[in-house]
Trainee: 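Got a structure here, written out as structure tokens. Questions coming.
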Amino acid sequence: MRLADLIGARVVDPAGREVGHVSDVRLVEERVPGEDAATRLRVDGLVVAVRRRSRLLAYDHRPVRAPLPLAFLARRAAARARWAPWHTVAGHLPPAAAGERGTVRLDRAAADLPLLGDVHEQWTR
């Protein structure tokens with residue numbers, strides 16, 4: 001699987017209802033066991049935007065606090081976005097052809113996923 005297959009993919013719940021689309025993929029760097037200096041990237045989870053036309057413009061990476069007009073717009077854009085930890089991803093169907101969207105299937109309903117704003121504090125610690 002490639003990251004390009006995930007970005008923009010539609011996200012569905014176990015019943016097949018569309019939840020939104022993948023707006024971003026969060027990667028975390030971790031050490032490779034048994035190797036002193038080696039690290040690797042691991043997928044931590046997916047940012048799921050509810051509306052297709054809604055673009056989070058990278059404001060899903062960290063909370064924006066200033067300037068105030070930008071902070072307001074960033075909060076509004078990400079207000080309904082959800083965080084899908086990688087362990088909630090039940091499967092991925094890659095796009096059938098170049099330029100099409102793939103599909104990510106979750107193992108739980110959208111209401112059971114935390115709001116993106118609620119997890120921002122954990123990321124900045």
Side-chain angles (χ1 to χ4, degrees):
M1 173 181 347
R2 301 172 347 151
L3 284 178
D5 294 339
L6 289 174
I7 299 293
R10 45 178 259 165
V11 179
V12 297
D13 67 9
R17 291 183 298 262
E18 189 159 341
V19 173
H21 69 281
V22 177
S23 171
D24 201 359
V25 178
R26 180 172 162 82
L27 302 172
V28 293
E29 188 175 17
E30 63 185 15
R31 293 199 180 281
V32 176
E35 296 185 35
D36 292 336
T39 60
R40 63 180 170 208
L41 295 175
R42 175 182 54 82
V43 176
D44 190 36
L46 308 174
V47 174
V48 180
V50 178
R51 291 183 289 172
R52 183 79 181 138
R53 12 172 244 165
S54 160
R55 300 246 185 236
L56 300 183
L57 300 174
Y59 298 127
D60 47 346
H61 297 288
R62 299 231 190 287
V64 177
R65 292 185 173 81
L68 288 178
L70 185 57
F72 171 78
L73 291 173
R75 278 194 302 276
R76 186 169 177 197
R80 295 178 50 210
R82 299 278 179 174
W83 171 246
W86 190 245
H87 64 83
T88 65
V89 175
H92 173 258
L93 181 62
E100 293 182 8
R101 296 190 301 159
T103 302
V104 172
R105 189 171 38 86
L106 300 176
D107 68 359
R108 60 195 67 186
D112 296 333
L113 297 174
L115 289 170
L116 180 62
D118 294 343
V119 297
H120 272 151
E121 293 303 319
Q122 299 170 8
W123 294 351
T124 56
R125 289 183 193 162

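Both backbone and side-chain heavy atoms feed into the values below; hydrogens, waters and symmetry mates do not. Only a predicted model underlies this, so the values are computations on that prediction, with no experimental measurement involved.
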Trainee: Evaluate the side-chain proximity of Arg82 to Leu115: yes if any heavy-atom separation is below 4.5 Å, no if none is.
Mentor: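 Sidechains of Arg82 and Leu115: in contact.
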
Trainee: Can you give me the closest heavy-atom contact between Ala9 and Val104, atom names plus distance?
Mentor: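 Nearest pair, atom of Ala9 first, then Val104: CB-CG2, 4.1 Å.
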
Trainee: Would you indicate whether the side-chain heavy atoms of Val43 and Leu27 approach each other to under 4.5 Å?
Mentor: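 Yes, their side chains come closer than 4.5 Å.
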
Trainee: Rounded to the nearest 0.5 Å, what's the gap from CG on Leu46 to CD1 on Ile7? Could you check?
Mentor: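 Rounded to the nearest 0.5 Å, the CG-CD1 separation comes out at 8.0 Å.
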
Trainee: Considering non-hydrogen atoms only, spot the tightest contact between Ala49 and Ser23 and give its length.
Mentor: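 Smallest heavy-atom distance, with atoms named: CB-CB, 3.9 Å.
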
Trainee: Could you state the interatomic distance from CZ (Arg10) to CD (Glu18), rounded to the nearest 0.5 Å?
Mentor: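 If we round to the nearest 0.5 Å, Arg10:CZ and Glu18:CD are 5.0 Å apart.
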
Trainee: Just wondering, more than 12 heavy atoms not from Arg31 lying within 6.0 Å of its CZ?
Mentor: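 Atom CZ in Arg31 is not crowded, with 12 or fewer foreign heavy atoms closer than 6.0 Å.
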
Trainee: Is any side-chain heavy atom of Leu106 less than 4.5 Å from a side-chain heavy atom of Leu113?
Mentor: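 When only atoms from C-beta onward are counted, Leu113 and Leu106 do touch, with a gap below 4.5 Å.
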
Trainee: What heavy-atom pair brings His92 and Leu6 nearest, and what distance separates the two atoms?
Mentor: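 For His92 and Leu6, the tightest heavy-atom pair comes out as CD2-CD2, 3.6 Å.
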
Trainee: Would Leu93 end up clustered with Val19 when hydrophobic side chains under 4.5 Å apart are linked, directly or stepwise?
Mentor: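 Unlinked, Leu93 and Val19 end up in two clusters.
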
Trainee: Do Val28 and Val32 share a hydrophobic cluster, counting only Ile, Leu, Val, Met, Phe, Trp and Tyr and linking them when any side-chain heavy atoms are less than 4.5 Å apart?
Mentor: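 No, because Val28 and Val32 fall into different hydrophobic clusters, even though each may have its own neighbours under 4.5 Å.
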
Trainee: Using every non-hydrogen atom in the two residues, find where His87 and Asp107 come nearest and quote the distance to one decimal.
Mentor: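 Taking every non-hydrogen atom into account, O-OD2, 3.7 Å.
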
Trainee: Tell me whether Val89 shares a hydrophobic cluster with Val12, the cluster being built from Ile, Leu, Val, Met, Phe, Trp, Tyr side chains joined at under 4.5 Å.
Mentor: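 Each belongs to a different hydrophobic cluster.
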
Trainee: Can you tell if the side chain of Trp83 reaches within under 4.5 Å of the side chain of Thr88, non-hydrogen atoms only?
Mentor: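 The answer is no, as the side chains (C-beta and beyond) never meet within the 4.5 Å cut-off.
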
Trainee: Check this for me: does any side-chain nitrogen of one of Asp24 and Arg26 sit under 4.0 Å from a carboxylate oxygen of the other?
Mentor: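 Salt bridge between Asp24 and Arg26, a charged N being under 4.0 Å from a carboxylate O: no.
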
